Every structure is written in C-alpha cells, then in structure tokens.
Amino acid sequence: MNDTVRAATTNDAHALAAFAAITFPLSCPPNATAKDVAAHIAEHLSAQQFAAYLFDPLRAIMVTVDEATDALTGYTMLNENEPTEDVAAVISIGSTVELSKFYVHPAYHGSGIARTLMAATLRTAIERGLAGIWLGVNNHNERAHRFYLKQHFVDVGTRHYRLGDSLQSDFVMERPLLDA
C-alpha cells in the first residue's frame, strides 16, 4: 500500500465531495431511490458542506491519499456532537464520539487501507480524550457490518433515519477506545 493517512484540510473539500458522490451510493440500502441518494449527497456531502465540517471543532476528518496519484482512496469523519435520543439510549460508554463516515474507494476494497484508516481514526479519537466510539451501519450493508465486527465494534441497538422519502434502519455499534 502506497497510501498516506493524514488529517483533511480545507483544500480537500472539493475532492471529498467528489469522493463521497462515488462512495455514498455504494453504502445505501437496496430500496433507496436515486433521487433520495442524490438529494442526500447535495445536502450533506457537497464541497460547501465538507468545508463547514472541516471548520467545525467537534469534527475531525481523516483521509488516505495514494502517494503516486495524490488521489483520495478513503476518508473518515468523527463527530463529537451529542447523539440522538435513540442512540444515546443504547450506547453505554460515556465520553464517546460518532464515526459518522467511513468510506474506501471500491477500487481499494481488500487492500488493507480500511484497517489502516480505522487505526488512524481511532488514534485521533483517543488523542481527543474520548473513551468510546460508536457508529450506525445500514442493516443491509453486510460487508461494512462484518468489517466493523472485525474492528471490535459490537451491536448495541438500532436507530431509524430518513433517506428522502424512505425510513431506513441502522445497526448501532460501539467499542471502547482503550484497546484501540
């Protein structure tokens, strides 16, 4: 692997938006419509939105970059904002952070980048003084769910959210950071 892991900068906002437009649809449930996915990308994953995320002190974005091409190969986002009530009811670790985004370009699936990116993201959370990390993974995304189980996350409950006109369901998973 010839990839570098680093903190994202404001210069990455456009590349992150382009990357998210490729990777987000791959994680969507089978019943998600193209219209709903496109609306979500426009509202939450635009270059302007990534620029705002990068200025938010309660968020941290990590990227992997192919050293040969300088292209993004993956990214994660930590979000220290308070979880919603349904998530707060099932997580058990105080001083926790959400792993709200974790994507690797499909051309790099199986390359080891995901493990490297996860390790760097967990270190970032520890450096921020956090004790635990949680995430939501769509209950139809078996590949991602298996990966998170291998990364020592455990299922603790479910949450529901709207993706356009459809109601979706995530497994809520968490893990302590002491063993990261």
Side-chain angles (χ1 to χ4, degrees), residues 1-30 32 37 40-41 44-47 49-56 58-80 96-128 130 132-155 163 168 170-180:
M1 181 178 85
N2 294 325
D3 283 58
T4 301
V5 180
R6 63 171 173 77
T9 69
T10 54
N11 292 335
D12 294 314
H14 286 281
L16 283 162
F19 190 88
I22 294 167
T23 57
F24 177 74
L26 301 175
S27 69
C28 289
V37 171
H40 181 88
I41 290 170
H44 299 286
L45 302 173
S46 66
Q49 191 61 57
F50 274 107
Y53 293 147
L54 288 161
F55 278 109
D56 184 345
L58 295 178
R59 295 180 191 262
I61 300 175
M62 304 294 296
V63 295
T64 53
V65 180
D66 184 310
E67 293 174 1
T69 65
D70 205 33
L72 293 184
T73 57
Y75 83 99
T76 62
M77 183 190 305
L78 295 174
N79 176 6
E80 289 183 63
T96 191
V97 64
E98 177 188 12
L99 178 56
S100 72
K101 314 249 181 291
F102 190 103
Y103 294 98
V104 171
H105 192 284
Y108 293 86
H109 286 179
S111 70
I113 288 173
R115 287 187 306 279
T116 301
L117 185 56
M118 178 64 80
T121 302
L122 295 175
R123 280 192 304 276
T124 298
I126 291 168
E127 290 166 2
R128 291 173 82 112
L130 299 158
I133 187 167
W134 70 272
L135 60 87
V137 60
N138 188 274
N139 60 4
H140 294 286
N141 193 339
E142 294 175 16
R143 179 186 180 110
H145 188 246
R146 282 191 311 272
F147 172 76
Y148 295 130
L149 289 170
K150 288 179 186 175
Q151 297 298 311
H152 309 289
F153 284 84
V154 296
D155 292 314
L163 180 62
Q168 302 296 330
D170 277 351
F171 295 121
V172 175
M173 305 178 79
E174 76 174 338
R175 68 166 280 180
L177 289 170
L178 301 175
D179 60 350

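Nothing here was measured: the structure is a model prediction, and the numbers come from that model.
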- prompt: Just by distance, do the side chain of N141 and the backbone of A144 share a donor-acceptor pair under 3.5 Å?
  reply: yes
task: For the residue pair Y108 and D66, establish whether any side-chain heavy-atom pair is separated by less than 4.5 Å.
output: yes
- line: Heavy atoms of Y148 and L99 approach each other most closely as CE2-CD2, 4.5 Å
- line: Tightest non-hydrogen contact, residues S46 and A17, listed as C-CB, 3.6 Å
message: I want to check something: taking the side chain as every heavy atom from C-beta on, are L130 and L177 in contact at a cut-off of under 4.5 Å?
response: yes
- request: To the nearest 0.5 Å, tell me how far T121 OG1 sits from I126 CD1.
  value: 11.0 Å
task: Hey, can you tell me if F50 and Y53 have their rings parallel, tilted or perpendicular (30° and 60° cut-offs)?
output: perpendicular
R6 atom CZ, over 12 foreign heavy atoms within 6.0 Å: yes
- prompt: Which pair of non-hydrogen atoms, one from T9 and one from L54, has the smallest distance, and what is that distance?
  reply: O-CD1, 3.2 Å
field: From CG (L58) to CD (E98), nearest 0.5 Å
entry: 12.0 Å
task: Over 60° means perpendicular and under 30° means parallel, so classify the ring planes of Y75 and F19, tilted if in between.
output: perpendicular
- request: Supply the atom-to-atom distance N139 CG to D155 CG, rounded to the nearest 0.5 angstrom.
  value: 10.5 Å
- line: The reported gap from CE in M173 to CZ in F153 (rounded to nearest 0.5 angstrom) is 7.5 Å
- prompt: Any side-chain heavy atom of F102 sitting closer than 4.5 Å to one from L135?
  reply: no
- request: Please tell me if the side chains of D3 and E67 come closer than 4.5 Å, counting only heavy atoms from C-beta onward.
  value: no
query: Are side-chain heavy atoms of L78 and R59 found at a separation under 4.5 Å?
result: no
- line: Of all heavy-atom pairs linking T96 and I133, the shortest is OG1-N, 3.4 Å
query: Nearest 0.5 Å, what's the CZ-CE distance between R123 and M62?
result: 7.5 Å
- request: Using a strict 4.0 Å threshold on nitrogen-to-oxygen distance, state whether E80 and R128 make a salt bridge.
  value: yes
task: Considering non-hydrogen atoms only, spot the tightest contact between H152 and R175 and give its length.
output: O-CB, 3.2 Å
query: Between T64 (side chain) and L117 (backbone), is there a donor-acceptor pair under 3.5 Å?
result: no
- prompt: So do the side chains of T76 and K101 get within less than 4.5 Å of each other, counting heavy atoms only?
  reply: no
Approximate separation, where rounding is to 0.5 Å, of H109 NE2 and T73 OG1: 10.5 Å
- request: Taking atom types as modelled, find out whether N138 and H145 have a side-chain donor-acceptor pair closer than 3.5 angstrom.
  value: no
field: Nearest non-hydrogen partners of H140 and P29, listed with the distance
entry: CD2-CB, 3.8 Å
